[in-house]
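The block underneath contains the structure these notes are about, expressed in structure tokens.
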Amino acid sequence: KSGEMAKLTQLIDNEVFRAYATYATIVLLKMMLMSLITAYFRITRKAFVNPEDTASFGKGESAKKFLRTDPDVERVRRGHLNDLENIVPFLGIGLLYALSGPELSTALLHFRIFTGARIAHTFAYLIPLPQPGRGLSWAVAYSVTISMAYKVLKTALYL
């Protein structure tokens with residue numbers, strides 16, 4: 001019926017929604033991994049931003065030398081920030097796209113390319129790989145999100 005909310009069981013039975021849930025989970029776990037990598041670099045480089053984080057390395061003036069920035073930590077943080085800027089829009093637009101009734105094969109193509117490009121982007125950032133590798137992986141994932149947004153707008157078109 002028009003205006004009636006879809007039942008959760010209908011979503012679980014929807015193959016496109018299950019594909020979306022799969023790839024959304026993968027990119028969210030990848031993004032969460034960036035937090036752990038940041039923590040690893042902070043600890044191994046002894047570069048902290050909060051005084052209480054330096055307590056195990058000394059007290060007072062001796063601990064202050066660990067309140068600093070580190071280029072490796074900042075590189076990981078920039079990669080994580082880039083994930084936030086790109087994965088969050090994918091989550092929202094991807095959900096709307098999955099609910100817009102695309103063909104499963106087309107949806108899988110979108111979700112797989114986005115996920116692969118974001119994983120490649122992470123490796124390009126962390127290794128680091130020479131440009132244009134990172135830029136191309138960013139552009140591919142961004143284009144996928146734009147493609148899904150276009151499909152959602154074309155399908156719904158309540159502008």
On a heavy-atom basis, which atom in [X] and which in [Y] lie closest, and how many Å separate them?
X	Y	value
R134	R75	NH1-NH1, 4.3 Å
A107	V16	CB-CG1, 3.7 Å
L91	A24	CD2-CB, 3.6 Å
A149	I93	N-CG2, 3.5 Å
T25	A21	OG1-O, 2.7 Å

How is the hydrophobic cluster of [X] composed, in terms of its other members, when Ile, Leu, Val, Met, Phe, Trp and Tyr link through side-chain heavy atoms under 4.5 Å apart, directly or indirectly?
X	answer
L136	none
W138	Y142, I146
Y150	none

If you apply the rule side-chain contact (heavy atoms from CB on, under 4.5 Å), what do you find for F17 with L95, and how did you get there? CA-CA 8 Å; F17 180 78; L95 176 61; 3.6 Å; yes
Test of understanding: with side chain to side chain donor-acceptor pair (under 3.5 Å), list the residues that count as partners of [X], not counting sequence neighbours.
X	value
Y97	H110
R45	D72
E74	R77
R112	Y23

Applying the side chain to side chain contact (heavy atoms under 4.5 Å, CB included) test to M148, which of F111, F114, Y20 qualifies? F111
Which distance, rounded to the nearest 0.5 Å, do you find between the CG of L108 and the OG1 of T22? 8.5 Å
Output for pair (R118 CZ, F90 CZ), nearest 0.5 Å, gives 11.0 Å
List the atom pairs, donor and acceptor, that lie under 3.5 Å between side-chain atoms in residues 27-42 and the rest of the protein, sequence neighbours left out.
unit_1, atom_1, unit_2, atom_2, d
K30, NZ, D83, OD1, 3.2
K30, NZ, D83, OD2, 2.4
K30, NZ, T122, OG1, 2.6
T38, OG1, M34, O, 2.8
R42, NH1, A47, O, 2.9

Connected via hydrophobic side-chain network under 4.5 Å: V73 and L67: no
Are L126 and I119 grouped together when hydrophobic residues (ILVMFWY) are joined by side-chain heavy atoms under 4.5 angstrom apart? no
A side-chain contact here means heavy atoms from C-beta on lying under 4.5 Å apart; do V76 and Y125 qualify? no
Is any side-chain heavy atom of K151 closer than 4.5 Å to a side-chain heavy atom of K154? no
Set of residues satisfying salt bridge (Lys or Arg N to Asp or Glu O under 4.0 Å) with respect to R68, sequence neighbours excluded: D70
Could I get the full list of salt bridge (Lys or Arg N to Asp or Glu O under 4.0 Å) partners for K65, not counting sequence neighbours? none
The side-chain contact (heavy atoms from CB on, under 4.5 Å) partners of A117 (sequence neighbours excluded) come to V140, A141
Distance-only criterion, 3.5 Å: show the donor-acceptor pairs between side-chain atoms of residues 48-58 and protein atoms not counting sequence neighbours.
unit_1, atom_1, unit_2, atom_2, d
N50, ND2, D53, OD2, 3.2
T54, OG1, P51, O, 2.7

